[in-house]
Amino acid sequence: MSINHPSFGKLDDNRIIIFDTTLRDGEQSPGFSMNLTEKIRMAEALTELGVDVMEAGFAIASPGDFESVKAIAESVGQRDDTPVIASLARAGAQDVLRAADALRNAKRKRIHIVIATSDLHMKYKLRLEPDEVIAATVDSIKLARQHADDVEWSAEDATRSDPDFLARCVEAAIKAGATTINLPDTVGYALPEDMERMYAQIRARVPGIETVILSTHNHNDLGMGVANTLAAIRAGARQVETTINGIGERAGNASLEELVMAIRTRQDAMPYANNIQTTHLLRMSRLLATITGFDVQPNKAIVGRNAFAHEAGIHQDGVLKMAATYEIMTPESVGWTKNSLVLGKHSGRAAFRDKLNTLGYKIGDNQLNDAFRRFKDLADRKKVVFDEDVVALVDDEVMRDHERIRFVSLDLHAGSKGPARAELELEIDGKTRSASSEGNGPVDATFAAIQAIFPHTANLVLFSVGAVTEGTDAQAKTTVRLEENGKMVDGQGADADTIVASARAYVHALNKLLVKRLRTEPTALSA
Ligand code: KIV
Ligand code: ZN
């Protein structure tokens, strides 16, 4: 089988296209929404990671989604190394035109059309007859092809669709001009053997199937997202749809890092190739966690804190003698480095910039100045500054670049005698404002001061504190979740001072809320 694809040309049979949907399916899950700056930062990092296709959003879902697809198309989408930028669209003219509009300026673009094909979805959700689904498929693909050479068609709930009807739909989609055909396990119901059967049937039955790329998109409701993706590859799929940290609707999607490392580690059984720079995986995972405020669980494969930690004495002994005794891949191959002392308080800007380059950051002069100032402050207060500290600090700084409310300073009086008092300075739309408030402890006083400077009706629903590294002088990493009119946002902050980190997290959450207020609710999409 050799395909000549509009975006990828002739592909070797063992080449796997990595389609990342962190910014669409991932962002769709509750609590994981990102603002424009964060999405662009993610898009840059995904490009450096080496994904082939980046689903930037669902353009018609809201004005905010449209703007972010457009902004990614006009930033990352202009780079020489840009991935194909995709927007999701349902099978209707308005959706397709909105996607086409958002993607207009991307150098490489894809319109991704989805429509459900299972009886359950057609009858109860779409209220369409099967023939109407085929007609909508054909019409929307034809329209999309007027705006993009690269068009993907997805049969939502494919794994629970009637095989004969699915085959009819796929055939119609190919004839109408689709260049990638995706058969999602939308509800995470399939077993690996179901996947193999479905792809084998489609490949055997559908004329022209050898001219398109077959894709797979698997949800993790039964914990089989990655296993099902591998089964689909065995059965002929050559595009995999994944997300960083496996985020996505409900239990999430197949995780990019697990999938890529499974293929790399088991080349004996799965001799497939892709373009992912695996040494970026940990950084990518951490960046997403910093942006969304959701850390991965410690035992998460590849990127969890314990993924390469050996606790049992017998294991430690084995690893010291020969790492391969208990390590099936090297920690370095996915980006773990030994905690290294990075820089001291006497280090200059050039050394700091050099360190950032080594860690994979390319930031502008203004951000560098702010980050350097914070690094100096940290180096004054913390005995040892690790790479992880620099990453937390720079992510914190970069993420806040365009925010309306900015943290300036905090002075605290707290202890066991009497109420705590916080004197806080914030910058709002460029103007410095200050307030002094009392509270039941330093966090309460600080949050009250934020309320005094920037009155708002949001409720605090979660406040959590973690540490970036070990030791009592470790930087604190805090998460604040705010809720307003049913909308939930998470803010993050990092600082050597836990209360400053808390103030930063609160301010970050408020900024996200401001962005959310400008967005209308995304149209419900069951995918
Ligand atoms: O899960 C799903 O079916 C989807 C489609 C839009 C591909 O996310
Ligand atoms: Zn999905």
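Computed over heavy atoms, backbone and side chain alike; hydrogens, waters and symmetry mates excluded. Note that ligands are numbered from 1 as they come in the structure, with each ligand's atoms numbered from 1 the same way. Since the structure is predicted, the reported quantities are computational estimates derived from the model, not experimental observations. The residues of the chain are indexed from 1 along the displayed sequence.
Arg110 and Glu55 are not joined by a salt bridge, as no carboxylate oxygen comes within less than 4.0 angstrom of a charged side-chain nitrogen. Under the 4.0 Å criterion applied to side-chain N and carboxylate O atoms, Asp139 and Lys142 are not assigned as salt-bridge partners.
Note on Asp25: its N/O/S atom closest to the Zn ion (ligand 2) is OD2.
Distances below 4.0 Å separate heavy atoms of Asn182 from the following atoms of ligand 1: 7 (C). Close contacts of ligand 1 with Glu156, meaning ligand atoms under 4.0 Å from a residue heavy atom, involve 3 (O).
Here the angle at the Zn ion (ligand 2) defined by NE2 in His217 and NE2 in His219 stands at 100°, rounded to 10 degrees.
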Could you go through the salt bridge (Lys or Arg N to Asp or Glu O under 4.0 Å) check for Arg160 and Asp185 one step at a time?
CA-CA 8 Å; Arg160 294 192 301 167; Asp185 185 28; over 6 Å; no
Intermediate values then yes/no, side chain to side chain contact (heavy atoms under 4.5 Å, CB included), His112 and Glu241
CA-CA 12 Å; His112 175 193; Glu241 304 198 356; 4.2 Å; yes
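Considering backbone and side-chain N/O atoms, Glu241 never comes within less than 3.5 Å of an N/O atom of ligand 1. For the pair His219 and ligand 1, the shortest N or O to N or O distance falls below 3.5 Å. Ligand 1 has an N or O atom lying under 3.5 Å from an N or O atom of His217, backbone or side chain. Where the criterion is an N or O separation shorter than 3.5 Å, residue side chain and backbone included, Asp25 meets it with respect to ligand 1. When only interatomic distances are considered, the shortest N/O to N/O separation between Arg24 and ligand 1 falls below 3.5 Å.
Ser68 and Asp65 share no side-chain donor-acceptor pair at under 3.5 Å.
Cation-pi geometry between Arg98 and Phe66 is met: the NZ or CZ atom falls under 6.0 Å from the ring centre, inside 45° of the normal.
Within the 6.0 Å centre-distance limit, the rings of Tyr506 and His456 are counted as a close aromatic pair.
Looking at Asp157 against ligand 1, nothing comes within 4.0 Å, counting heavy atoms.
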